Amino acid sequence: MKKKILFISTLLCSAFLAQQIFSQEIKFGGFADTFHSAQIYKPEFDSDGNEGKELSRKFLDSRSRAEFEIQAFGDNASLFCSLGASYDSVCKSRSEFYIKEAYIDFGNDFASLRAGKQIIIWGKADGVQIVDIICPQDNTTLAGSSIKDKRIAVDAALFNLHSEMLSLDFVAVPVFTGAKMPVKADNPLNAIMFPAKSAGKPIVWEEDEKVDFTLNNMQGGVRFSAWLPFADFAASFYTGLDHNAVYTAKDESSKITMSANHKRLWMAGFETAVPAGNFVLRAESALIAGRNFSGKKWEDNGGIMECIPQKSRQLCVLAGFDWNVAGATVTAQYIEDILLDYDSEEIERKRRMPKATLSLEKAFLHDLLSLSFSGIMNLNDKDCALCPSVEYAISDSLKVKAGSDIYTKGQDSSSTYGKLKEASCAYIRLTYSF
């Protein structure tokens, strides 16, 4: 009920502000869509972690959604608000009223200020996050999702100083927003991403700890960008709480409790893009200090055995290119993900986790038909996420898209994408824009 009141209040306030303050121009828009996905592979385990040979494939999504946008413009100010409502008959916990973005811009020829709920994107990587760590992700659904679809807006103030070729951003994020995970029992991904048992004992996954609004939990950063005739450059620094919770495991004889919390990290990043004919060469790197990873060693803590997350500096480096050839766009990237303070007896993940990505997109029939493919492979275990799709524009406003997300285990079923094999699905989406 509170969400409905907040949703309606924001809609009315936005319309009132737009009419009273921004009288020069007002634009309305939005879309409505319906999205459905179903498993490709039969499940091997039920929701309680028990093996079963007669299990059936399930729908992972059956969602209908509508989003409404309003933009209003004044002399030196503008307002943007995007609100929506969704209903998912498969997972009721994903049904909601929501505010996607709601912010006000003030600016002139050399400075601007944006305040409110907004999506802030850093970096030049395609489909992966290196420097882009300000906004968390919504992982309550995976089917047909890209990072663009999954980003969650944060409550922030963004102050920008700019000239024709230079830009300096200052970002303050006073309120913490965590990533959304499929922790609710009615979510089909819950049994896939959160194991129900370990060594015969049930696992209890606690909700993320509440992060209070205090000075110690403030987040923020700075970013300097340059657009030169021969290349683009950007350098950035950010400090904040990790959106993704890390878990402390407690063995309480009859069960294992997983307690979630968020740790502070620091990130220093650099990125560049260099045009070269039909190619654009891209590079990006980030040194992240303070990030925690799942622990491996159990220790006695007052009679309770605990496995505590371990801290390590992380270096992520990306090199890649975009290539426009015969009307098609090809993007390839290589990523190195290395832990600098690594102890194989303390940290569960591998020291190096190199990855490679490939994406292709080609339009046909005067851009009415679009074929696309994106894939990522972990080079250690050779596990993959493969996402082909086809989209057809029935009219300027109506589009239909069909595709699949396929996860392969490679050399190890416990690998990153091997664990998601049962989330492999086929999907269809119908979208009407207005």
Side-chain angles (χ1 to χ4, degrees), residues 29-38 59-69 80-88 90-91 93-103 117-130 132-154 177-182 187-189 192-193 243-244 329 331 333 357 359-361 370-376 385-393 398-407 417 420 423-434:
F31 70 88
D33 71 358
T34 183
F35 179 84
H36 308 273
S37 72
F59 282 99
L60 299 180
D61 302 86
S62 185
R63 181 192 70 211
S64 295
R65 177 179 58 168
E67 258 185 39
F68 175 79
E69 295 180 358
F80 177 82
C81 186
S82 174
L83 308 100
S86 66
Y87 174 75
D88 194 322
V90 168
C91 177
S93 63
R94 287 194 297 231
S95 302
E96 60 178 344
F97 292 94
Y98 59 90
I99 302 169
K100 187 172 182 179
E101 289 187 272
Y103 56 80
K117 193 177 186 69
Q118 56 188 290
I119 292 175
I120 301 172
I121 303 172
W122 286 1
K124 292 179 171 61
D126 177 58
V128 295
Q129 291 182 298
I130 306 292
D132 182 27
I133 66 169
I134 297 180
C135 290
Q137 290 190 20
D138 182 352
N139 295 308
T140 56
T141 180
L142 300 180
S145 297
S146 65
I147 284 183
K148 180 181 178 181
D149 299 325
K150 294 164 66 174
R151 284 192 182 95
I152 300 172
V154 293
T177 302
K180 291 184 179 180
M181 301 299 292
N187 194 314
L189 294 178
I192 298 172
M193 298 179 66
H243 303 126
N244 298 308
T329 302
T331 300
Q333 300 173 134
T357 76
S359 64
L360 312 168
E361 187 170 355
S370 177
L371 302 180
S372 63
F373 168 84
S374 63
I376 182 168
L386 308 173
C387 307
S389 66
V390 56
E391 184 176 67
Y392 182 72
L398 187 62
K399 294 182 179 180
V400 60
K401 182 177 182 179
S404 62
D405 294 343
I406 303 170
Y407 302 99
Y417 297 118
L420 296 176
S424 299
C425 67
Y427 64 84
I428 187 168
R429 172 188 280 123
L430 186 66
T431 304
Y432 177 75
S433 302
F434 52 87

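All figures in this text were calculated on a predicted structure; none of them were measured in a lab.
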Participant: Can you sort out the partners of S86 under side-chain hydrogen bond (donor to acceptor under 3.5 Å, both in side chains), two or more places apart, ordered by chain and number?
Facilitator: none
Participant: Quick one: side-chain contact (heavy atoms from CB on, under 4.5 Å) partners of N139, sequence neighbours excluded?
Facilitator: Q137, L142, K150, M181
Participant: With H243, which residues qualify under side-chain hydrogen bond (donor to acceptor under 3.5 Å, both in side chains), at least two apart?
Facilitator: none
Participant: Going by salt bridge (charged side-chain N to carboxylate O under 4.0 Å, His left out), name the residues that satisfy it together with D132, two or more places apart in sequence or in a different chain.
Facilitator: R151
Participant: Of the non-hydrogen atoms in I99 and L83, which two are nearest, and what is the gap between them?
Facilitator: CG1-CD2, 4.1 Å
Participant: Taking side-chain contact (heavy atoms from CB on, under 4.5 Å) as the definition, give me every residue that meets it alongside E69, ordered by chain and number, with sequence neighbours left out.
Facilitator: F80, S82
Participant: For R63, give me all partners under side-chain hydrogen bond (donor to acceptor under 3.5 Å, both in side chains), at least two apart in sequence or on another chain.
Facilitator: none
Participant: Identify the two heavy atoms, one from I133 and one from I130, that lie closest to each other, and give their separation to 0.1 Å.
Facilitator: CG2-O, 3.7 Å
Participant: Could you tell me which residues satisfy side-chain contact (heavy atoms from CB on, under 4.5 Å) with I376, sequence neighbours excluded, listed by chain and number?
Facilitator: V128, K355, T357, A385, Y417
Participant: Only counting residues at least two apart or in another chain, list the ones meeting side-chain hydrogen bond (donor to acceptor under 3.5 Å, both in side chains) with S145.
Facilitator: none
Participant: With a 4.5 Å cut-off on side-chain heavy atoms, are F35 and D88 touching?
Facilitator: no
Participant: Say you draw a straight line from CD of E361 to OG of S389; how long is it, rounded to the nearest 0.5 Å?
Facilitator: 8.0 Å
Participant: Pair up each side-chain donor or acceptor in residues 427-434 with any protein partner under 3.5 Å, not counting sequence neighbours, and list the distances.
Facilitator:
none

Participant: Please identify each residue that fulfils salt bridge (charged side-chain N to carboxylate O under 4.0 Å, His left out) with K401, with sequence neighbours left out.
Facilitator: none
Participant: Do other residues, nucleotides or ligands put more than 12 heavy atoms under 6.0 Å from F373 CZ?
Facilitator: yes
Participant: Roughly how far apart are I152 CD1 and C135 SG, rounded to 0.5 Å?
Facilitator: 8.5 Å
Participant: Return the set of residues passing side-chain contact (heavy atoms from CB on, under 4.5 Å) with Y87 (not counting sequence neighbours), or none when no residue passes.
Facilitator: S89, K92, S95
Participant: Residues in salt bridge (charged side-chain N to carboxylate O under 4.0 Å, His left out) with D61, at least two apart?
Facilitator: R94
Participant: A quick test of your reading: do over 12 heavy atoms of other residues, nucleotides or ligands sit less than 6.0 Å from NZ of K399?
Facilitator: no
